Amino acid sequence: MADKIIDLRSDTVTKPSPEMRRAMAEAEVGDDVFMEDPTVNRLQERAAQLFGREAALFVPSGSMGNLTCIIAHTRPGQEVICEGKGHIYNYEMAAMSAVAGTLPRVVSAEDGIMTWEQIARVIRPKVYSRSQTALVSLENTHNMAGGTVYPTQLMHEICDRAHDAGIAVHLDGARIFNAATYLGEGVAEMTKKFDSIQFCLSKGLGAPVGSVIVGSKAFIERCRSIRKMLGGGMRQAGVIAAAGLIALEKGPKRLRIDHENAGLLAERLAEIPGIRINPAKVQTNIVIYDIQQTGLSSADFLAELARRKVLGVPVDAEKIRMVTHLDVDRKNVEEAVETIREMLKSHL
Ligand code: TLP
């Protein structure tokens, strides 16, 4: 059994590093609703610069970032095209309907990666008596499809075609730096055609709190008002932005390690009888595997594993998700796999 808990539930579980905690303690702060927090301003400027955009806005969470952008791009009664396993559709408290008043128009895509043909099929005709498609939202990497990556050319094509049809395109880029690491490309080039991008500082990049929206100056001004409306106007937020700045500078450089560890996890899991996974499909830091043949439900599998100090989350009744991150190393991954192997011996 593992000595300490090996927490593979999410890359959100990482704790701020001593360097981040020092920066947080020493951060220069001001009231960010007056736009006077120098550390928040620096984080926003740096994010805008990295993405080659005019402006950026610090928000408390990825969910608020996505919702803010959806409200900014749409009017109640309009439709948002998104993928069936996507985060905005499944894990954001139905906010796109409950708060933004929009209707999700869902496409089920292989590995979560939508093509333009699939999107085009569900765009509403321009008829006065029909609700209208206002937005397409892509997720890269795609979380619940197993951290899959959109080819950049495909993202460009979707943006170009959507714009031709008068439709805006948002990127839920919670893990866009994982996608960039996988592709060996820069985020500015990858995301240059989107109307808005939301990325998370608090996942693989390691910050304790926060996401950033990036876009044009006018779009970000609008988002600032919407963020306030949603209760996301923060005051001396420099204390958390300080950690975000470190996450942004140092986080992307080490994601490669998380991807290697996820690859190792997938390869070793594939050798265990009863577990089904294709390691060749694991591109980034998310590993989703099928345990149906073990005869255990996801809930029982995870409960028994938790007693042995290894944590994951269910995707559904037969699938488990495990995520590598900066607080687990190669040795932890090996221990986790051995724990699973031992545990299943008594079940097969
Ligand atoms: N994802 C969390 C859970 O909510 C599932 C996780 O553990 O992976 N977009 C994507 C693609 C996400 O994966 C998440 C969080 C968000 C948005 C929302 O970010 P937060 O949690 O900051 O609101």
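Remember, it's 1-based here, ligands and their atoms both numbered in the order they're listed. All figures in this text were calculated on a predicted structure; none of them were measured in a lab.
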Using a strict 4.0 Å cut-off to heavy atoms of Gly62, name the atoms of ligand 1 that fall inside it. 18 (C), 19 (O), 20 (P), 22 (O), 23 (O)
When you compare the side chain of His170 with that of Gln198, does any pair of heavy atoms fall below 4.5 Å? yes
Are any of the heavy atoms in Arg321 under 4.0 Å away from ligand 1? yes
Of all residues at least two apart in sequence or in a different chain, which pass the side-chain contact (heavy atoms from CB on, under 4.5 Å) check with Asn90? none
Check: Ala109 main-chain N/O paired with Lys85 side-chain donor or acceptor under 3.5 Å: yes
Going by the 4.0 angstrom heavy-atom rule, the piece of Ser61 near ligand 1 is both
Please tell me if the side chains of Leu344 and Ile275 come closer than 4.5 Å, counting only heavy atoms from C-beta onward. yes
Under 4.0 Å, counting heavy atoms only: does Glu92 come that close to any atom of ligand 1? yes
For ligand 1 and Thr12, I'd like to know whether there is a polar contact (N/O to N/O, distance under 3.5 Å). no
Starting from atom 7 (O) of ligand 1, locate the nearest protein heavy atom and write down its residue, its atom name and how far away it is, to 0.1 Å. Ser10 OG, 2.7 Å
Would you please determine whether Arg9 falls within less than 4.0 Å of ligand 1 on a heavy-atom basis? no
Can you list every pair that meets side chain to side chain donor-acceptor pair (under 3.5 Å) and has a residue in residues 260-271, with sequence neighbours left out? Arg256-Glu260
Run the contact test for Lys203 against ligand 1 with a 4.0 Å cut-off on heavy atoms, strictly below, and give the result. yes
Under 3.5 Å: donor-acceptor pair, side chain of Thr39, backbone of Ala27: no
Which ligand 1 atoms are under 4.0 Å away from a heavy-atom of Glu139? 11 (C)
Taking distance alone, with no angle check, do Thr141 and ligand 1 share an N/O pair under 3.5 Å? no
Asn178 and His259: CA distance, side-chain angles, deciding distance, side-chain hydrogen bond (donor to acceptor under 3.5 Å, both in side chains) verdict: CA-CA 8 Å; Asn178 294 84; His259 297 183; 3.0 Å; yes
Which atoms from ligand 1 have a heavy atom of Asp172 less than 4.0 Å away? 9 (N), 10 (C), 11 (C), 17 (C)
Who's closest to atom 13 (O) of ligand 1 heavy-atom-wise, of Asn66, Ile88, Asn143, Asn140? Asn143
Among non-hydrogen protein atoms, atom 1 (N) of ligand 1 lies closest to His87 NE2, 3.2 Å
Show the numbers, then the answer: is there a ring pair (Phe, Tyr, Trp, His ring centres under 6.0 Å) between Tyr150 and His142? CA-CA 8 Å; Tyr150 266 91; His142 193 303; 8.0 Å; no
Do the non-hydrogen side-chain atoms of Leu50 and Phe199 ever get within less than 4.5 Å of each other? no
Please could you name the atoms of ligand 1 that Ser63 approaches to less than 4.0 Å, counting only its heavy atoms? 18 (C), 19 (O), 20 (P), 23 (O)
Need the ligand 1 atom indices (1-based, order shown) with element for anything under 4.0 Å from a heavy-atom of Arg175. 6 (C), 8 (O), 12 (C), 13 (O)
Can you check whether Met190's main-chain N or O pairs, donor with acceptor, with Thr152's side chain at less than 3.5 Å? no
